[in-house]
Participant: 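Starting off with a structure, shown below.
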Amino acid sequence: MKLNVFENESIHSYFIRTLLCLGQLNDKSDFRGLISPSGVIRKLPCLVARQGSAFEELTNNFFELLLTEHSTYYGLRHYNIGELRNYILYSSALPKVSEIPDAHQIPNSRTQLRYCPKCFIEQIKNKGVSWFKLDWQCSVVCTIHNDKLFHVFECRTNCCNKPSNILRDVLSAISGKCCFCSRNSWEVAQQVFIGDWNRAQYLVLENDNQYKMYQFR
Ligand SMILES: [Zn+2]
Ligand SMILES: [Zn+2]
């Protein structure tokens, strides 16, 4: 199955949508390598073989598009597309490179998964489905609606105070509906709040694909 990728959709979002369509996101463990149990994502997904095989039929050209337009990691400066593909789909270690990359160039840089409910409403209205934008990985504010983003975070639901998990959090985020009490309009979730306890998760990512100053290897 090959879904179309939306403009400015993140690679994480593309993988979530595909796995949902295939019926392969049924348990919190199904997010392994894609989103952590507490809602943290890394610059690039690093899937387990079980989930990675769902993307086997994607061409290298499509992978290159996902990397350059839909991720913040410009890996093609260091690695060829096959190496990056195997890292993303099967967690194969990336070969050592001679230069020492800057911290923000390592695909392990992380941030909390975030979204703007107002953008989701527009997406659902126009395309019938919602997706996480790449821009949201680089900011805590939606530049279109000038509102603080909401976060996907494993905690008790805002509406009915039930202990949630990453699967329910993601399903609630993309639909706006609480999985427990069915309250809608994103009453289930909260806007980003940055305190000492979660500051490490809010290192916003820098999009090094915006500065393609390196040659392909
Ligand atoms: Zn927005
Ligand atoms: Zn609820």
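Order of listing sets the numbers, starting from 1, for every ligand and every atom in it. No experiment lies behind these values; they were computed from the predicted model shown.
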Participant: Using side-chain heavy atoms (C-beta onward) and a distance below 4.5 Å, is Asn60 in contact with Phe62?
Facilitator: no

Participant: Could you list all the salt bridge (Lys or Arg N to Asp or Glu O under 4.0 Å) pairs where at least one residue sits in residues 11-31, not counting sequence neighbours?
Facilitator: Glu9-Arg17, Asp30-Arg50

Participant: Spell out, yes or no, whether Phe31 and Phe132 are grouped together once hydrophobic residues are joined by side-chain heavy atoms under 4.5 Å, including indirect joins.
Facilitator: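 Cluster IDs for Phe31 and Phe132 match.
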
Participant: Tell me if a side-chain donor or acceptor on Arg85 pairs with a main-chain N or O of Leu58 at a distance below 3.5 Å.
Facilitator: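 It does hold such a pair.
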
Participant: Using the rule that two of Ile, Leu, Val, Met, Phe, Trp, Tyr join whenever any of their side-chain heavy atoms come within less than 4.5 Å, decide whether Val48 and Ile41 are in one cluster.
Facilitator: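 Hydrophobic grouping puts Val48 apart from Ile41.
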
Participant: Of all heavy-atom pairs between Lys118 and Asp147, which one has the smallest distance, and what is that distance?
Facilitator: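 What the structure gives for the nearest pair is NZ-OD2, 2.7 Å.
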
Participant: Going by side-chain heavy atoms closer than 4.5 Å, which hydrophobic residues are tied to Val129, directly or by a chain of links?
Facilitator: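 Other cluster members: Phe6, Trp131.
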
Participant: Would Leu22 end up clustered with Leu47 when hydrophobic side chains under 4.5 Å apart are linked, directly or stepwise?
Facilitator: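 Linked within one cluster.
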
Participant: With 2.8 Å as the threshold, which protein atoms of type N, O or S lie near the Zn ion (ligand 2)? Leave waters out.
Facilitator: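 Cys159 SG, Cys160 SG, Cys178 SG, Cys181 SG, with waters left out.
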
Participant: Counting N and O atoms only, with roles assigned by atom type, does the side chain of Arg114 sit under 3.5 Å from a partner on the main chain of Trp136, one being a donor and the other an acceptor?
Facilitator: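 Looks like yes, one N/O pair under 3.5 Å.
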
Participant: Near the Zn ion (ligand 1), which protein N/O/S atoms are found at less than 2.8 Å?
Facilitator: Cys116 SG, Cys119 SG, Cys142 SG, His145 ND1

